[in-house]
Each structure stands twice: as structure tokens, then as C-alpha cells.
Amino acid sequence: MATPINRQTEMTLVQAVTDALRTKLTDDETTLVLGEDVGKNGGVFRATDGLQEEFGEDRIIDTPLSEAGIVGTSIGLAVNGFKPIVEIQFLGFIYPAYEQIMTHVSRVFLESMRSYRAFKEPVPSESYTIKIGKAKYVTEGQDVTLIAWGAMVQVAQKAATEAATRGISCEVIDLRTLYPLDRSTIAASVQKTGRAVIIHEAQATGGLGNDLIALINDTSFLYLRAPIARVTGFDVPVPLFALEDHYIPTPTRVLEAIQRTVDF
């Protein structure tokens with residue numbers, strides 16, 4: 001981790017993404033941004049807004065409508081010393097580039113569109129780095145560990161706030177990265193609280209929650225005071241946007257899991 005920074009600015013997630021891109025583009029001239037409409041229009045979600053005017057068309061590049069071409073071109077740039085940042089914008093468009101990603105690219109970061117402008121958090125004004133594979137203690141607690149990532153961190157926090165009114169102290173952990181996974185932080189928290197609730201948007205069957213349960217059983221089984229609870233999407237096809245709120249975990253569902261775990 002870089003030296004602690006005192007100066008901070010309140011930003012939404014999408015503002016922080018733009019700021020991170022601007023910082024990297026300023027610090028390293030080999031960094032490029034490629035994608036559909038990322039230049040003149042600033043991207044569908046305006047994550048690259050203003051960057052082409054600032055850094056030029058040679059570094060903020062509007063590409064043809066070809067995800068496989070964008071990713072393939074970026075791989076070629078990378079092996080020749082550049083640091084291309086590919087903006088796909090919608091996850092549903094990633095599949096044409098699947099072969100390029102799985103065969104040649106080691107990792108793709110996903111941001112939750114629901115979280116882009118949902119809240120603000122302090123962001124250091126100067127350049128800084130966060131260690132990959134290190135989870136974050138969002139709030140510390142004594143009774144239950146809530147494990148989440150992405151958009152579900154806010155859901156977990158809201159449930160933890162409501163649980164506090166019932167006298168239940170929740171420790172909220174944001175995994176931040178799933179691979180590598182911060183095994184030590186998960187184990188330490190569960191061993192302290194003796195209870196765990198895992199929250200994720202994916203279906204229960206085949207979801208990462210199952211691997212987290214196995215990890216907790218491997219490292220912390222004798223510390224558990226109650227069975228590990230999961231709050232997940234349902235084992236059905238993900239619905240269209242109009243029904244999305246009925247599918248994804250809510251603070252109410254998380255709170256019910258917390259209460260069941262404490263009452264066991």
C-alpha cells in the first residue's frame with residue numbers, strides 16, 4: 001500500500017473510475033483506453049468523459065463495433081509494451097471476445113452499474129494503490145460476519161445498520177477481489193464472531209458462496225456457533241430489469257438471515 005494520504009475527495013464509483021483512468025494516463029504514456037464510444041461520447045456511462053479531449057485520439061480510441069477485435073488488438077498492444085485498458089461497458093457484449101479473454105487475457109474487472117452513482121465515498125486526491133487480494137473491513141463487529149462484494153456490500157451495510165437496532169453487532173467484509181481471495185481475513189473474522197452470512201447476487205447453486213463455506217469449514221469450523229447462512233439470487237434465470245429487484249438480495253433478506261444465525 002502506498003503512503004497514507006490525508007487529502008480526500010468525495011466521489012461516486014463512476015467518478016472514481018474516471019479519476020483512476022486520468023491518473024494512470026497522466027503517470028504512464030504507454031497507457032491507452034480502447035472501446036466503443038469511449039472517446040467523443042465519453043462512454044455509455046460517462047466513465048471516460050473528457051479524457052479524449054485531455055489526452056487525444058491516439059490514447060483514447062473509439063473502436064469499431066467488434067468486441068473480439070478490441071480485445072485482440074489490446075492483447076497485441078500489451079505484448080508490445082503498452083498498457084491498454086479495454087472498456088466493454090455492458091457484460092452482455094463480452095461473449096464475442098470470450099475466446100480472446102479465456103485464451104490470452106488473465107483477468108477482467110467488473111463494476112456494478114447499479115453502484116455507479118448510488119453513493120459517494122472518500123477517495124485520496126493523490127495517486128495511490130491497493131494490494132490485490134486484500135479484503136476490506138467495512139465495519140467491525142462482534143456477533144456476525146457479513147461477507148459480500150460489489151453491489152452487495154451496500155446491501156450488507158444497510159442490513160448491519162438495521163441489525164444494530166436489535167442489539168446485533170455485525171462485521172462487514174468487502175472481499176474486493178475473488179481471485180486471489182483473502183482467506184486470512186475471512187478466517188480471522190469468522191473465528192472472532194463465530195457466525196457468518198454470505199451475500200452474493202449469483203444463484204445459490206454453483207455460486208461462490210459454496211466455496212466460501214468450504215473455506216470457512218476448512219479454517220474455522222470449530223469456532224462456529226451456528227450454520228453458515230447464504231443470501232443469494234434464486235436458482236432461476238436472471239430476470240429482465242423490471243423484475244431485477246425481486247431477484248437480487250435485499251437488506252430485509254440479509255437481516256432475516258442474520259437473525260436466524262444469531263437465534264440458532
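By convention here, the first residue in the shown sequence is residue 1. These values consider heavy atoms only, across backbone and side chains, with no hydrogens, waters or symmetry-generated copies.
- The distance from atom NZ of Lys136 to atom NZ of Lys134, rounded to the nearest 0.5 Å, is 13.5 Å.
- Screening residues 187-214 for side chain to side chain donor-acceptor pair (under 3.5 Å) gives Thr145-Ser189, Thr145-Thr193, Glu171-Ser189, Glu171-Lys192, Gln191-Ser220, Thr205-Asp235, Asn210-Arg230 as the qualifying pairs, with residues at least two apart or on separate chains.
- The minimum heavy-atom distance between Ile60 and Gly39, with the atom names listed, is CG2-CA, 3.9 Å.
- Residues Thr139 and Thr161 form no side-chain contact, since every pair of their non-hydrogen atoms from C-beta on lies 4.5 Å or further apart.
- Defined by atom type and a distance below 3.5 Å, a donor-acceptor pair is present between the side-chain atoms of Gln154 and Gln157.
- Trp149 is not connected to Val172 by any chain of hydrophobic side-chain contacts under 4.5 Å among Ile, Leu, Val, Met, Phe, Trp and Tyr, and they are in different clusters.
- Nearest heavy atom pair, residue Thr185 against residue Ala135, reads CG2-CB, 4.1 Å.
- Considering only heavy atoms from C-beta on, Thr23 stays 4.5 Å or farther from Tyr128 through its side chain.
- Here the side chain of Thr18 pairs a donor or acceptor atom with the backbone of Ala47 at under 3.5 angstrom.
- Salt bridge status for Asp245 with Arg114: present, with a side-chain N to carboxylate O gap under 4.0 Å.
- Within the structure, ring-ring contact (aromatic ring centres under 6.0 Å, His included) pairs that include any residue of residues 151-170 do not occur (at least two apart or interchain).
- Minimum interatomic distance between Ser127 and Asp27 (heavy atoms only, all atoms of both residues): OG-OD2, 3.7 Å.
- Between the CG atom in Asp182 and the CD1 atom in Ile132 there is a gap of 12.0 Å [rounded to 0.5 Å].
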Side chain to side chain donor-acceptor pair (under 3.5 Å) between Asp263 and Thr261: does it pass, once the steps are laid out?
-> CA-CA 6 Å; Asp263 292 342; Thr261 303; over 6 Å; no
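- There is no path of hydrophobic side-chain contacts, each under 4.5 Å, that joins Val231 to Val238.
- Taking the side chain as every heavy atom from C-beta outward, Gln15 and Glu10 never approach each other to under 4.5 Å.
- No path of Ile, Leu, Val, Met, Phe, Trp and Tyr side chains, each step under 4.5 Å between heavy atoms, connects Val155 with Phe119, placing them in separate hydrophobic clusters.
- Under a hydrophobic clustering in which Ile, Leu, Val, Met, Phe, Trp and Tyr are joined whenever their side-chain heavy atoms come within less than 4.5 Å, directly or via other members, Ile228 and Val254 fall into different clusters.
- For the pairing with Ile213, the side-chain contact (heavy atoms from CB on, under 4.5 Å) check across Ile216, Asn217, Leu215 returns one residue only, Asn217.
- Among residues at least two apart or in separate chains, side chain to side chain donor-acceptor pair (under 3.5 Å) pairs with a member in residues 46-64 are Arg22-Glu54.
- In this structure, CD on Glu126 lies 8.5 Å from OG1 on Thr9, to the nearest 0.5 angstrom.
- A pairwise comparison of heavy atoms in Tyr247 and Ala202 identifies OH-C, 4.0 Å as the closest pair.
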Pair up each side-chain donor or acceptor in residues 69-79 with any protein partner under 3.5 Å, not counting sequence neighbours, and list the distances.
| residue | atom | partner | partner atom | Å |
| --- | --- | --- | --- | --- |
| Thr73 | OG1 | Gly69 | O | 2.7 |
| Ser74 | OG | Ile70 | O | 2.9 |

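- Put simply, Val153 and Ile198 are part of two different groups of oily side chains (I, L, V, M, F, W, Y) that touch within less than 4.5 Å, one to the next.
- The environment of Leu243 atom CG is dense: over 12 non-hydrogen atoms of other residues, nucleotides or ligands sit within 6.0 angstrom.
- Across all non-hydrogen atoms, the minimal contact from Val197 to Ala257 is CG1-CB, 4.0 Å.
- Annotation: the span from Lys158 atom NZ to Leu255 atom CG amounts to 13.5 Å, rounded to 0.5 Å.
- Between the side chain of Gln100 and the main chain of Ala97, no donor-acceptor pair closer than 3.5 Å is present.
- Residue Arg253 qualifies as enclosed at atom CZ: its count of foreign heavy atoms under 6.0 Å is above 12.
- Using a distance-only test at 3.5 Å, with no hydrogens or angles considered, a donor-acceptor pair links the side chain of Ser169 to the main chain of Gln142.
- In this structure the side chain of Arg117 reaches within 4.5 angstrom of the side chain of Val14, judged on heavy atoms.
- Residue pairs meeting the side chain to side chain donor-acceptor pair (under 3.5 Å) criterion with at least one member in residues 89-98, sequence neighbours excluded, do not occur.
- Interatomic distance, CG of Leu146 versus CD1 of Ile258, reported as 4.5 Å (0.5 Å rounding).
- Taking 4.5 Å as the limit, some side-chain heavy atom of Leu212 sits within range of a side-chain heavy atom of Leu181.
- With values rounded to the nearest 0.5 angstrom, Lys83 atom NZ is found 3.5 Å from Thr30 atom OG1.
- Listed by chain and number, the residues in a ring-ring contact (aromatic ring centres under 6.0 Å, His included) with Phe45 are Phe90, Tyr116 (sequence neighbours excluded).
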